[in-house]
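Everything quoted here is computed from the prediction, not taken from an experiment.
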Amino acid sequence: MSSPSSVLAILCLLCFLNGQGMIAKVAANSQVHIVYLGERQHDNPKLLTDSHHDLLATIAGSKELASELMVYSYRHGFSGFAAKLTESQAQKLSELPGVVRVIPNSLHKLQTTRSWDFLGLSSQSPSNILHKSSMGDGVIIGVLDTGIWPESESFNEKGLGPIPSHWKGLCESGDRFNATIHCNRKIIGARWFIDGLLAEYGKPLNRSTEFLSPRDAHGHGTHTSSTAAGSFVTNVSYKGLGHGTVKGGAPNARLAIYKVCWKVLGGQCSSADILKAFDEAIHDGVDVLSLSIGSSIPLFSEVDERDGIATGSFHAVARGITVVCGAANDGPSAETVQNTAPWIITVAASTMDRSFPTSITLGNNKTFLGQAMFTGPEIGFVSLIYPESKGLDPTAAGVCQSLSLNKTMVAGKVVLCFTTVSRRTAITSASAAVKEAGGVGLIVANNPSDALYPCNEDFPCIEVDYEIGTRILLYIRSTRSPLVKLRPPKTFIGKPLSAKVAYFSSRGPNSITPAILKPDVAAPGVNILAATSPLDALGEGGYVMHSGTSMSTPHVAGIVALLKAMHPNWSPAAIKSALVTTAWRNGPSGLPIFAEGSPQKLANPFDFGGGIMNPNGAADPGLVYDIGKAGYIQYLCSRGYNNSAISRLVGQNTNCPIKKPSILDMNLPSITIPSLKNPITIKRSVTNVGAPESIYRATIETPFGTIVSVNPNALVFNSTVRKLDFTITISAIHRMNTGYYFGSLSWADGKMSNKVSVFVTFNIFLVLCTQNTMIRMVHAKSKVHIVYMGEKHHHDPEVVTSLHHDMLASVFGSKEAAYDSMVYSYKHGFSGFAAKVTESQAQKIAELPGVIRVMPSHFYSLQTTRSWDYLGLSPSSPTNLLHDTNLGDGIVIGLLDTGIWPESKVFNDEGLGPIPNQWKGQCVSGESFNASADCNKKLIGAKWYIDGFLAENKQPFNTTDSPDFLSPRDVFGHGTHTSTIAGGSFVYNASYRGLGLGSVRGGAPRARLAMYKVCWNVPRGQCSSADILKAFDDAIHDGVDVISVSLGTQLPLFSEVDDRDTISIGSFHAVAKGIPVVCGAANEGPSAYTVENTAPWILTVAATTIDRSFPTPITLGNNLTILGQAVFAGKEVGFTGLVYPENPGLIPSLAGFTCSVCESLLLNNTPVAGNVVLCFTTVASRTPVATAVSSVRAAGGVGVIVAKSPGDVLGPCSNDFPCIEVDYELGTQILFYIRSTRSPTVKLSPSATLVGKPVSTKVATFSSRGPNSIAPAILKPDIAAPGVSILAGSSPYDSFMDGGFALH
């Protein structure tokens, strides 16, 4: 992969060309099929090829036509061929004797040097594995990639001896590649494979951008080859950065290049070509194969020949060839790791102890360090700007990916922008916009990541995290003429830098087989300096820095070559074991390894497998866990694959035992238990490859909630005993069904430690605003501004208001005009007013005595019941806080929200005494709200605030699509829901369509409620800061005891002293008067630095799940039942057809991009009517679910199963259409059933309610995370509380309300 943003896109180089650049004449509706015949029946390749032609001729009608149809003959590692066939010809071939299977061709995609010193392989040290292995001399590394640029100095043959005697391969000439000239004792083999793609694609290759030869037009293959085995090249850098000596992991190893990926259609690689390359590599005598290639989610099973990598690698490993593949670049989402077959070494990407700090010096002489690859001249002090809107949404203009810049404002300046997009598209877009507007530099605040790339033409673009970005923004906002100086980055190396798993690196668990740990190991894959093609646009002097698991993969391949040179008899499994069990769990410096993500966390085995590769440790692991071909067959049997499918893969007749083997007993150097319900005993076998006379003793680091024992706990080896068995027994202390817990088993002999990882698992932020039907006549260019005057100087509110009018009249020239302009007078908690004024009038007011600040109004956004029992506040317990406080009697809770639906049962006042004496507020009547009838001893106050928004907003109010009431009445339901949760009365037998049945009540059932409606139901609904501040002012006056505010702003945040943060201002005055203010942390998680409402006087609340779930049974036609999650309360969908929209052509996992992606389903070729549809999505929000439901329902489908990253936020689909969510693992299991069954069927049962201990608590995915971007030293959020699928009252206008209640 060439970049974390496009690793699986830019480098999915499509392969199409045949050797002569000609396309055979074949039927228009034919396509390439792979005819798989299993193990070779002859050792003579020519006899095999002749038999393939004869077999094809029986279908084609003649040997001549068979020769035209033939694409490849597979004759070395296994037997078979690829040919251009119609569907009927493919069917006839599949029925012939000896044909194991006929499968359509498909595509795979590419995944895209202080690193070796970081790994302990300095060429200056005489005692490391580099020198002990003679730098890999005699070992041959085969690289399947985009080819090679042979002229690169990294492929010089200086000091190399003869070509290894076991080499049987060759170099092939082609476009600008002369085998005699371009191959040498370093590049000993070079071939190219494009016939599979050519025959399928049917279009001419663009010869101006690609070569019909092993020559690399992209640079990816050159980069990976030089990383694995490049020769020493001194004084190399990338534009002066990372200066030093470049070399491969095994500098004396030889390279065999198999070009299978081509610079076409964004780049992809045909499975027919990949299989042929495997076949030739096995024949040629390679010792290691490196593939920085992958597919996409969902994956094919290991026995599905469309996974050409799993099939080819099985045959390679069976012949003693170690195969190393990338984990993919779809992180940090869980269950995204690819190349998961247990015989493959799957590699994650890590950073190393090198960075490129870039100094950003502000005009106040404060210097911050960003990260960049900008190598141009220093930019001396120039103006620094943040594109801030003057309207109601001031942060909208500063979003990097949608910058709209005024050239006059930007020319000659540096621009700061913010983005929540993790890919580089936002930076690329922003730098182009700034440069076009005449800017001279860009500072991008985003989620922390270490993968860097230069911007076009070396434009200065520097990345910082949200904290530093916010500090720069606060400087801009506090300074009249902000300045900045940008210095070029420097190269920083050494201990202060700890290694991290890269943000983009795909994560486990393994979606095909969770019991098999993937990835296996991690290696450097971020900002790797290596050779490239001159056609690489980012290259400089023949070298470039790239990031991706494509870069980490050849690091491991190089080390495997060193291990193979030292231990030529070690099997691929032994080499893998040595790497996994000796890997660093802490970095080489001893510092802990973190995993970049949202937010950053300590890395675990699903991030990096055994850890970061430790080459010197792997050379002497002491013990290894070995597996042969029989062990892999046992694994396939344990997976439940049928005998014929296994026989097809392994190339021999296989009959699995009647009793299915335990997958947990596969002799891996890790133990992963996906569901620990009962005590389990697992077997392992170790082989001593260290000192013959040795005793190893066990040390156990127990996973949380388990008891682990090993028998025996000491292993005694001698000259005759080299292999011993042991067992591990694991049991759970208490039942849990969510989350993996990690531990380890280490064998140590006092000199070295061999560690095995052990893992077990026990099995609304809404936006509202409004506009009135009437708007006062004001100047067209005027806007609402808030005039803040601090503490009030009179106790009489009327005197304060009169002062405000007089002040405004002094600017307008008359009291009448001042009255028309006035929106609010803030006269209770503090002094100030909101008024509609022009910019010049605002400036005049700002200069008046007593005025602290004048700022434009802007928008806030809304953030939106076993929960109380879960928190220990059961009404049946006489000793808890609920009873100690008489259920909150006498307390008044004020809520700033969307209003209230007073008829809801939860607002009944049965059993309540008189209204508390401190209450000074009132109920205000309005549309469909009668203060006398709708308020009571529960709802004691209700007001509405819209003047601030009315005076500013240009949208029509109370439209047909978005109705609302000019009163405290709640159309949206959000305010009714939050009011219920805070102080609702007891309501028994409440549920949402039968789910979550029980009693609904608030946390303080006898408390009184005061509703301050500040948010309105209009498109893009939001809440005016002027209205919010007035509501705070009145609430302070009215005598509330607590204020609940489920509102927030957007990143970047305002400082606490910036008056535009009216929640901070209003809450400060409330807290100063003894009123606690509780605010939501926001719903921008799980990204770091996204927590809002961060003022230290606010109680900021994150969201968690509770011990309740809604399991929904999915029963497949094979009687396997899988539990998804849904809020589906309709009728059972009896057994009906189950379909997956899969493209039958060259790119079956084009499904991964279009056909079966939930948010863009293509159902034209799929029979949907009356069927249930399975789809996959990588989008975390609910949007893909809603889109898929709409598409499937329109096509006549009866249900949807959505496979996605695990999340906890559930909601019913419209009209209770059955839509059930599963994770990638379960989705992949369902997909395998569909792919293995002629007529798959499914039954969908309604959801049930599960409550209690088996369900553990999690912080919700959406809940915003710290650190605090304004003040990292102030911990935010403060606390967490239930916020997922909460049952409470709602408005009848809530489309998801049932019987007065909704789950939100």
> Determine yes or no for a side-chain-to-main-chain donor-acceptor pair under 3.5 angstrom, with Thr479 supplying the side chain and Tyr475 the backbone.
yes
> Nearest 0.5 Å, please: how far is CZ in Phe356 from CD in Glu463?
13.0 Å
> Any side-chain donor-acceptor pair under 3.5 Å between Asp1027 and Tyr824?
yes
> Can you give me the closest heavy-atom contact between Phe812 and Ser821, atom names plus distance?
CZ-OG, 3.2 Å
> Can you tell me if Tyr826 uses its side chain to pair, donor with acceptor, with the backbone of Ala1026 under 3.5 Å?
yes
> Can you see which heavy atom on Leu1047 is nearest to which on Asn1093, and at what distance?
O-ND2, 2.9 Å
> Would Val236 and His243 count as a side-chain contact (heavy atoms from CB on, under 4.5 Å) here? Give the steps.
CA-CA 6 Å; Val236 173; His243 186 271; over 6 Å; no
> For Tyr543 and Ser237, work out which heavy atoms get closest and say how close.
CB-O, 4.5 Å
> Does the side chain of Met807 reach to within under 4.5 Å of the side chain of Leu848, using non-hydrogen atoms?
yes
> Without swapping roles, check the side chain of Thr367 against the backbone of Ser359 for a donor-acceptor pair under 3.5 Å.
no
> So, Thr361 versus Arg487: side-chain donor-acceptor pair below 3.5 Å or not?
yes
> Tell me, with the steps shown, if Ser831 and His804 meet side chain to side chain donor-acceptor pair (under 3.5 Å).
CA-CA 9 Å; Ser831 178; His804 296 161; 3.0 Å; yes
> May I ask you to decide if Gln841's main-chain N or O and Thr838's side chain share a donor-acceptor pair within less than 3.5 Å?
yes
> Is there side-chain contact between Cys400 and Ile427, with heavy atoms separated by less than 4.5 Å?
no
> Restricting to non-hydrogen atoms, name the atom on Ile1028 and the atom on Cys1023 that form the minimum distance, rounded to 0.1 Å.
CD1-O, 4.0 Å
> Closest heavy-atom contact between Ser533 and His218?
CB-C, 4.2 Å
> Assess whether side-chain contact (heavy atoms from CB on, under 4.5 Å) is satisfied between Asp1061 and Ile1063, documenting all intermediate values.
CA-CA 5 Å; Asp1061 186 351; Ile1063 292 179; 3.8 Å; yes
> Carefully, step by step, assess Asp536 and His546 under the rule side chain to side chain donor-acceptor pair (under 3.5 Å).
CA-CA 11 Å; Asp536 184 344; His546 281 313; 2.9 Å; yes
> Taking atom CG of Leu416 and atom CD1 of Ile443, what is their separation to the nearest 0.5 Å?
6.0 Å
> Taking the side chain as every heavy atom from C-beta outward, state whether Leu486 and Thr358 have any atom pair closer than 4.5 Å.
no
> Would you please test Glu839 and Gln843 for side chain to side chain donor-acceptor pair (under 3.5 Å) and show each step?
CA-CA 6 Å; Glu839 286 297 322; Gln843 181 61 38; over 6 Å; no
> Taking the side chain as every heavy atom from C-beta outward, state whether Ile472 and Leu362 have any pair of such atoms under 4.5 Å apart.
yes
> Val1077 versus Phe1032: any side-chain heavy-atom pair under 4.5 Å?
yes
> Determine, step by step, whether Asp465 and Tyr1089 satisfy the side chain to side chain donor-acceptor pair (under 3.5 Å) criterion, reporting the C-alpha distance in whole Å, the side-chain angles of both residues, the deciding distance to 0.1 Å, and the verdict.
CA-CA 8 Å; Asp465 62 25; Tyr1089 293 103; 3.3 Å; yes
> Evaluate the side-chain proximity of Phe368 to Val464: yes if any heavy-atom separation is below 4.5 Å, no if none is.
no
> Please report the closest heavy-atom contact between Gly441 and Val434, naming both atoms and the distance.
O-CG1, 3.6 Å
> Answer with yes or no whether the side chains of Thr1100 and Lys1276 bring together a donor and an acceptor at under 3.5 Å.
yes
> Could you give me the CA-CA distance, side-chain angles and deciding distance for Val410 and Val415, then say whether side-chain contact (heavy atoms from CB on, under 4.5 Å) is met?
CA-CA 7 Å; Val410 174; Val415 175; 3.8 Å; yes
> So which of Ile462, Thr491, Leu369 actually passes side-chain contact (heavy atoms from CB on, under 4.5 Å) with Pro357?
Leu369
> Has Tyr238 got a side-chain atom pairing as donor or acceptor with Asn527's backbone, closer than 3.5 angstrom?
no
> Using modelled atom types only, decide if a donor and an acceptor are shared between the side chain of Thr1090 and the backbone of Arg1265 within a distance under 3.5 Å.
yes
> So does Met409 get a backbone contact from the side chain of Lys413, meaning a donor-acceptor N/O pair under 3.5 Å?
yes
> Do the non-hydrogen side-chain atoms of Leu483 and Leu384 ever get within less than 4.5 Å of each other?
no
> Kindly say whether Val526 contributes a backbone atom to a donor-acceptor pair with the side chain of Ser547 at under 3.5 angstrom?
no
> Start with the C-alpha distance between Asn1268 and Leu1275, add both sets of side-chain angles, then the distance that settles side-chain contact (heavy atoms from CB on, under 4.5 Å), and finish with yes or no.
CA-CA 7 Å; Asn1268 177 345; Leu1275 175 65; over 6 Å; no
> I want to check something: taking the side chain as every heavy atom from C-beta on, are His785 and Val837 in contact at a cut-off of under 4.5 Å?
yes
